[in-house]
Each structure stands twice: as C-alpha cells, then as structure tokens.
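Worth saying up front: this structure is predicted, and the values here are computed from it rather than measured.
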Amino acid sequence: MKFSLNIRISSVVSRSLFLTLLAVASSVAQTTQVFRLDGGNSTYAFGVNERGELQPLYWGGRLGARDTIPHAQSLPEVASFDSSHTTTPEEYAGWGAGLFTEPALKITFADGNRDLVLHFLRATQSGPQAVELQLKDISREIYVTLRYSIDADTGILARSADIENRDRQPVMIEQAAAAQWTLPPARYTLSYLTGRWAGEWTLNQEPIRGGARVIESRRGTTGHQANPWFAISRDESQAAVGAAFAGEEHGEVWFGALAWSGSWRIIVEHTQLDAVRVTGGFNPFDFGYKLKPGEHLETPVFYGGYSDHGLGGASRILHRFEIARILPQAPDPKPRPVIYNSWEATEFGVDEAGQMALAKKAASIGVDRFVMDDGWFGQRKDDHAGLGDWYVNSEKFPHGLKPLIDKVHSLGMDFGLWVEPEMVNPNSDLYRKHPDWVLNFPGRPRSESRNQLVLNLARPDVRDYVEGFLDKLLTENDIAFLKWDYNRNWSEPGWDQVPVDEQKRVYVEFIRNLYSILADLRKKHPKIEIESCSGGGGRVDLGVLRYTDEVWTSDNTDPFDRLSMQDGFTYAYTPQIMMAWVTDSPHWLNNKRSTSLTYRMLSSMQGSLGIGANLDHWTAEDFATAKKLIAAYHSAQPTIVRGDLYRLITPRDGSEFSATESVSTDKNHGVVFAFSNATQEGRYFPLLQLQGLDPDAEYQLTWIEGKSGPDTPESASGAWWMRHGLQLDLRGDFQAVAFRLDRQR
Ligand code: GLA
C-alpha cells in the first residue's frame with residue numbers, strides 16, 4: 001500500500017516547534033511515516049506500520065530533538081490464538097480482523113457486516129503543535145479523523161476522534177472511544193478515584209495484573225462513584241537503573257482525564273503480552289449511535305500526560321493545564337470569591353428578611369459573594385415540589401429578588417443563586433403541563449429519586465425551555481453566579497419522540513445540549529460565573545469544566561473527612577475549583593463530630609474557601625476568628641489555588657497527621673497547612689521537610705495560625721526548610737496550624 005505523503009521534515013527544531021512530522025525510509029520498499037509531538041517534558045510518537053495501521057511508538061520523557069524514532073512495524077503472531085492483529089497495538093483500533101483486545105470503534109453496517117479495519121489515509125498538520133490523521137476502513141466508506149494536539153507548556157496531549165459515514169446506508173456505532181493509550185510491557189500501579197454521595201474522591205491504588213479494570217459511569221452523568229481520571233505509575237521492580245520508586249514525588253507516571261459529563265468508560269487492560277492499553281470514551285453500555293449517510297459523530301477529548309516526578313508531579317502538571325487551558329477564564333482565572341452559602345443554615349426556609357440578616361453577618365467577616373441556595377422558587381417548601389417552576393416564590397420574596405440583591409450589593413458582595421435546571425418534580429406546573437418532557441419509556445414506571453425526574457435535555461424544546469428561563473433569570477436580575485445543581489442520576493432513559501433506532505442518541509445529545517446551554521449563557525452574560533454541583537461532586541470532569549468556574553466538592557463538609565477527600569480530589573483537579581465551606585459543629589454527619597472553628601477554617605482554606613455555617617448561632621469570638629482567617633486567606637489565596645501543590649503527608653488510610661504545601665510558581669511564597677487528627681500515645685508530628693522552594697533564597701516564616709517551637713527560626717534558606725525541616729508542636733485530636741513562607745531575597 002502506498003501512503004499519500006503529507007510530510008514536513010523539520011530541519012531546525014526550535015524549542016517552540018513541538019510537532020515534527022518525520023519521514024523515515026523503511027526497510028520494506030515503501031515510505032513509512034512517523035509522527036512525533038513534543039511538549040513540556042514529554043514526547044509522544046506513533047507511526048504507520050507496513051499494513052497501514054496507526055501504531056503507537058513512544059510516550060514518555062522528552063527525547064532529543066534529533067533523535068530518530070524507529071518506524072512502526074506490526075508485532076508477529078505469537079500463536080495461532082493470538083494473531084498479529086491482536087498483538088500489535090493501535091492508536092485507534094476498529095473491531096475487525098483478529099482483534100481480541102478492546103476496540104476503539106465497533107460498528108454494525110446495514111448489510112450485517114461488523115468487520116471494521118481502519119487504515120491510514122492522510123495526515124494534515126492542523127496547527128503548530130497539532131496534527132489530524134485520517135483513517136478509513138479497508139473497503140467501506142467509514143472515515144475516522146483522529147485529532148492530536150500537545151500543550152507546549154505541560155506536554156498534555158488532547159486526543160479525540162471524529163467518525164464519518166460516507167456510505168449510502170446508515171450504520172450503527174456500538175462503541176466509540178476518544179482515544180487509546182499504550183504502555184510497553186512492565187510492572188505498573190494504577191491509581192483511580194471512586195466514591196459515593198458524601199464520600200467522593202477516594203484514591204485507589206492497585207497493581208495492574210492480567211485482565212482489565214473498568215472505571216465507568218452508566219448513570220448518564222459523570223457520577224460520584226468513579227471519576228474519569230487515571231494515573232499509571234511504573235513500579236520500582238522493573239524501573240531502569242537509577243530510576244526511583246514511582247511514588248508521590250519520584251518515578252514515571254502516565255495519566256489521563258476524559259472530558260465528558262455523560263456515561264463514560266475507561267478500561268485499563270493488561271494484555272496477554274504484558275503491555276497496558278487504556279481505552280476511554282463513551283460508555284458502550286446501552287450505547288448505539290446511528291450515523292445516517294453524511295453524518296458524523298465527534299467523541300469527547302481524552303487528555304493524557306506524563307511526569308517523571310511521581311503522582312505529585314503529574315497532578316501539578318494537570319492543575320497547571322486546567323488553569324491555563326480548560327477553565328472558562330483560562331489562562332488566567334480569577335481566584336474564587338470567598339462565598340457565603342445559605343444551604344446548611346436555612347435549607348429550604350429561605351426568605352427576604354432571613355437572607356438579608358445572614359448577608360449582613362457574612363459581609364462583616366469579609367465574604368465576597370452571597371449565595372442563596374435551594375428554596376427560593378415555585379412552590380418549594382421542601383424537596384417534594386417546585387423543581388421546573390423557576391419563578392420567584394412570592395410568599396418568601398414578595399418584591400422579587402431585587403431587594404435582597406440590592407442589600408447584598410450595598411454590603412459590598414455580589415449575588416449568586418442556586419438552580420437545578422435539568423430536573424422537575426412531578427408536583428410542579430411544568431410537569432403538569434409537559435409530562436412527556438422527562439426521560440421515560442412510555443407505559444413503564446418513572447422512577448423518582450429525591451421526588452424528582454430528569455428532563456430530557458436531548459429534546460430541542462426542553463433544551464430551549466431550560467436556556468430560556470435561565471436567560472430570563474439572568475437578564476432580569478443582577479446575578480453574578482449560578483450554583484448549577486443536578487441531584488439524581490438517570491433511570492428509564494427513553495426518548496420516544498425519535499425513531500427507535502435513534503433513541504440511544506440521548507446519551508450524546510443530552511450532554512451536548514447541556515454544554516451548548518452553558519456556552520450560550522456565558523456568551524449572553526459574559527460576567528456570569530457557574531459552579532458545577534451534583535449532590536456534591538457528582539459532575540466533575542474536564543468536559544463540564546470548560547463551561548464552569550468551580551465545583552462543589554462534596555455535600556460532606558465534615559472538616560476531617562474533607563482532608564482525605566481534598567487529598568483525592570487534587571490528584572485530578574486543581575484547588576482553584578475545589579469549593580470548601582466551613583459549616584457548623586457538631587457536624588450532622590459522623591455522629592455529630594465536634595471540631596473547633598479554627599480546624600474547620602484551616603481544612604477549608606486549602607481549597608477555594610466558603611462559609612456555610614448558620615451565622616445566627618455564632619459567638620463574637622467565632623466572628624473574630626473567621627474574620628482574621630478570611631483576611632489571611634485572601635492574601636495567601638493566589639499561592640494556595642494557583643501554586644504548585646505538594647501533599648507532604650497524606651491523610652489517607654487512617655493517618656494521624658496530614659500536611660499540604662503550596663508554592664507559588666515564582667517560588668516567592670509558600671503556604672503550609674498541617675493537621676493532627678487523632679494522636680495516639682502522645683506521638684509527635686513527623687519532621688516536616690518542605691518541598692519546591694528555591695534552596696538559595698531566604699524565606700521568612702509568618703504564622704497564620706499556631707506558633708514556633710524553640711528551634712524554629714524566623715527566617716531561613718529554602719535549603720533549611722526543605723532539608724533540615726521543622727518540628728511542629730502539633731498533637732491531639734483535630735488540631736491544625738498554618739503558616740506562610742515569603743521570600744526575603
Ligand atoms: C444538593 C447540593 C447541596 C444543596 C442541596 C439543595 O444536595 O449539593 O449543596 O444545594 O442540593 O437542595
């Protein structure tokens with residue numbers, strides 16, 4: 001087979017030119033192409049093998065600019081049971097020929113054919129650091145465009161696929177991944193995040209052994225139960241000589257995050273030849289996307305990156321990328337305003353006088369934004385009614401929202417409001433008028449959760465209704481912020497307005513419409529900021545984060561539980577988006593655990609701070625403590641949420657102690673939080689050796705909370721703080737300290 005030549009041989013590879021398309025003469029009388037992308041500290045390469053398949057060649061630390069990457073060659077058949085088609089890794093494998101491992105794409109054709117073999121057609125450089133490859137089935141008119149672009153700063157690669165049907169007949173896509181990633185045979189450890197409502201962000205780590213590990217959501221949404229992120233660390237036992245153990249700060253790590261807020265799946269396979277293949281995209285469970293002639297299906301983006309500084313390095317790269325490339329205000333998102341939120345204080349019992357009184361108290365401690373939560377609309381007295389009826393409840397707010405908003409503004413804060421746009425209570429005017437608007441199979445039961453049903457956002461009329469009422473709300477009221485909630489998962493996901501063989505498109509169209517509403521609202525109301533909430537952290541992914549500025553981490557605001565949840569969260573997501581409220585003690589969860597306000601504040605100050613306590617119950621001392629710590633937070637916030645995060649001591653696995661450190665990217669400032677959660681036998685806090693500072697700079701220590709021991713200097717070099725370290729006087733249950741280090745010279 002001859003390949004069309006669309007090759008540029010770069011003679012000078014400048015540091016900013018990260019895409020090099022190299023031509024390599026192969027030993028078999030034909031030209032084989034190798035594609036190479038360089039960014040940050042990493043190189044990614046793949047090529048066309050002698051059969052015409054696109055084959056991964058290298059993913060890892062950055063190679064020399066002039067290094068030659070050997071061209072692709074298919075792997076041999078190892079036995080009659082494992083043909084070359086299944087031993088040879090592909091960048092995007094169709095299910096066909098002799099493939100037994102996970103395919104990227106599986107299609108049923110109108111005539112019953114289910115064999116799909118994708119071969120390389122052409123490559124186009126689509127940007128200075130981007131390339132598009134077109135593949136085509138060996139005989140059918142199915143085209144797949146693979147998109148690659150690498151971020152020059154972080155080396156994070158964005159990959160996606162666009163599947164096009166140019167045939168005369170429709171086809172049914174049964175499985176479509178965004179990308180497949182391959183790692184060569186070695187021993188690896190997989191890290192991934194799981195959880196549940198009020199218990200999100202558990203970091204799991206396990207050896208990758210024979211078989212497959214599936215991480216997924218079948219819920220129509222991202223889900224609390226697993227998050228579309230993975231990291232794979234190379235184990236010590238087979239690391240190259242000189243390489244250190246792949247732990248928190250050492251060793252090689254490959255990681256990925258899928259940008260999709262619908263049902264998703266990431267499958268990590270350990271192949272029969274000990275290689276690792278990761279395939280991620282739309283969840284194939286109950287999937288079926290009919291492509292009519294001329295139609296195409298675009299997959300979500302699967303981001304992948306590499307670090308040789310362990311999981312800590314991997315998460316720092318990802319944080320930087322999210323801030324610079326993903327968030328709506330990228331590359332320079334504003335630090336989140338310190339918010340007050342009414343939910344835990346008043347629940348559904350919001351009214352004008354009560355909210356105004358809370359607002360006054362919130363302003364007195366330095367809060368920037370006042371957010372009224374659930375309960376302000378329709379006939380919403382509890383969670384049995386009102387969702388869908390987005391008019392202001394006139395009993396609670398007889399003059400509309402304006403008097404409250406004006407009051408909040410006069411106190412120097414801006415105003416935010418809770419909404420749950422995709423839901424409806426059967427007890428609502430909207431449902432009585434449009435019972436057909438919800439996801440359902442006609443004639444079958446409609447399962448309620450929290451007394452609510454899911455509106456079918458895939459329907460154009462529902463989509464327009466949702467965008468319409470939100471647009472009106474934002475046009476008529478001076479609202480700076482929406483807390484966009486989503487309090488249940490799908491059930492009975494029927495869509496009977498379209499033909500039977502198109503109904504499963506709901507898995508794609510619903511999410512696309514969600515994204516397009518968010519995009520339209522941001523366009524029409526450029527100042528609006530939005531939080532993605534789903535009963536806590538049920539909708540956190542790089543897809544929704546393109547349109548939302550922050551996320552609600554968990555409904556669990558217990559400050560001790562939050563330490564391990566925040567620890568898990570930051571493996572995948574930046575503290576900039578991690579909303580953390582200080583709420584009342586004793587806490588409603590964990591059998592009314594009691595903690596001091598200082599401990600609660602310091603726990604929350606590691607992310608984007610909020611206050612959710614009932615201020616009507618606070619003492620003068622509480623107000624003074626909160627005011628002092630909010631002021632300290634405001635000045636340290638840029639370092640905390642935008643700096644490099646080091647998880648010095650993990651709170652996981654029942655650790656008595658934990659500590660985090662953030663260092664500004666210019667290394668001028670550091671902020672450290674340390675917690676003693678339940679000491680046993682009077683044990684001392686471990687020696688705290690800091691990281692990431694400039695060893696030659698002099699840093700002055702300032703306590704945010706706590707005090708120096710007799711041996712702690714007021715000022716010392718970065719080398720001293722990192723190598724000698726400090727001994728904190730921190731023992732007992734639920735105790736916390738925090739300090740900053742600021743460069744003197
Ligand atoms: C969800 C959110 C909470 C709160 C309630 C209101 O559970 O996560 O923060 O807004 O809904 O009903």
Side-chain angles (χ1 to χ4, degrees), residues 197-198 219-221 341-355 358 371-402 404 416-440 442 444-457 459 461-474 476-477 479 482-494 510 514 517 531 533-536 538-539 552 555 588 612 614:
W197 174 80
R219 297 164 178 266
T221 187
N341 178 290
S342 65
W343 175 245
E344 290 209 16
T346 54
E347 295 206 340
F348 300 97
V350 294
D351 62 21
E352 191 178 286
Q355 295 296 298
L358 282 172
V371 183
M372 179 160 67
D373 211 279
D374 198 350
W376 60 269
F377 54 90
Q379 296 307 307
R380 188 80 164 163
K381 294 189 177 63
D382 52 31
D383 61 15
H384 285 79
L387 288 175
D389 299 341
W390 298 101
Y391 59 85
V392 180
N393 181 299
S394 58
E395 276 170 50
K396 297 176 180 182
F397 297 91
H399 315 290
L401 296 177
K402 191 165 186 315
L404 174 61
L417 194 63
W418 181 95
V419 288
E420 196 178 355
E422 298 140 280
M423 298 289 167
V424 65
N425 288 117
N427 185 4
S428 67
D429 296 343
L430 184 72
Y431 187 75
R432 282 182 282 273
K433 203 164 155 203
H434 298 291
D436 55 324
W437 275 15
V438 299
L439 290 176
N440 75 96
R444 304 285 303 169
R446 301 169 176 205
S447 304
E448 293 175 22
S449 295
R450 209 194 191 203
N451 313 300
Q452 61 198 55
L453 297 165
V454 185
L455 290 173
N456 184 358
L457 211 59
R459 287 176 59 135
D461 48 358
V462 174
R463 185 216 170 280
D464 292 348
Y465 165 78
V466 169
E467 182 167 327
F469 85 72
L470 286 166
D471 183 28
K472 185 162 178 281
L473 194 64
L474 297 180
E476 291 175 355
N477 299 284
I479 293 171
L482 287 178
K483 173 175 171 181
W484 184 303
D485 213 336
Y486 186 80
N487 273 316
R488 62 159 295 180
N489 298 146
W490 292 10
S491 58
E492 301 106 10
F510 187 114
L514 167 68
I517 294 170
E531 174 176 291
C533 172
S534 172
R539 189 150 68 187
W552 183 220
D555 276 350
W588 53 270
N614 191 340

N/O donor-acceptor pair under 3.5 Å between [X] side chain and [Y] backbone:
X	Y	answer
W390	L473	no
R488	Q452	yes
R459	D436	yes
R432	N427	no
E420	L387	no
S534	Y486	yes
S428	V424	no
D382	H384	yes
N425	N451	yes
D389	D429	yes

Subject >> CA sep, side-chain torsions, deciding dist, call: F348, R380, side chain to side chain contact (heavy atoms under 4.5 Å, CB included) >> reply: CA-CA 7 Å; F348 300 97; R380 188 80 164 163; 3.7 Å; yes
Look up atom [atom1] in [X] and atom [atom2] in [Y], then write down how far apart they are to the nearest 0.5 Å.
X	Y	atom1	atom2	answer
L457	L439	CG	CG	9.0 Å
Q379	Y391	CD	OH	4.0 Å
N489	W197	CG	CH2	13.5 Å

With sequence neighbours excluded, residues passing side-chain hydrogen bond (donor to acceptor under 3.5 Å, both in side chains) with [X]:
X	value
Y465	none
W552	D555
N341	D373
E347	none

Original post:
How far apart are the closest heavy atoms of I517 and E467, and which atoms are they?
Top reply: CA-OE1, 3.7 Å
Original post:
Are E344 and W588 linked by a side-chain donor-acceptor pair shorter than 3.5 Å?
Top reply: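 Short answer, yes.
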Original post:
Side chains of D485 and N487: donor-acceptor distance under 3.5 Å anywhere?
Top reply: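 The criterion, which ignores hydrogens and geometry beyond distance, is satisfied for N487 and D485.
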Subject >> ring pair (Phe, Tyr, Trp, His ring centres under 6.0 Å) involving W490 - partner list, sequence neighbours excluded >> reply: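 W490: ring pair (Phe, Tyr, Trp, His ring centres under 6.0 Å) contacts with Y507, F510.
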Original post:
With sequence neighbours left out, what residues match D351 under salt bridge (charged side-chain N to carboxylate O under 4.0 Å, His left out)?
Top reply: none
Original post:
Can you check side chain to side chain contact (heavy atoms under 4.5 Å, CB included) on F397 and K402, steps first, answer last?
Top reply: CA-CA 9 Å; F397 297 91; K402 191 165 186 315; over 6 Å; no
Subject >> Step-by-step side chain to side chain contact (heavy atoms under 4.5 Å, CB included) determination, W376 to N393 >> reply: CA-CA 6 Å; W376 60 269; N393 181 299; over 6 Å; no
**OP:** Given side chain to side chain contact (heavy atoms under 4.5 Å, CB included), test M372 with L401 step by step and report yes or no.
**Re:** CA-CA 10 Å; M372 179 160 67; L401 296 177; 3.7 Å; yes
Original post:
Tell me, do M423 and V454 make a side-chain contact under 4.5 Å, heavy atoms counted?
Top reply: yes
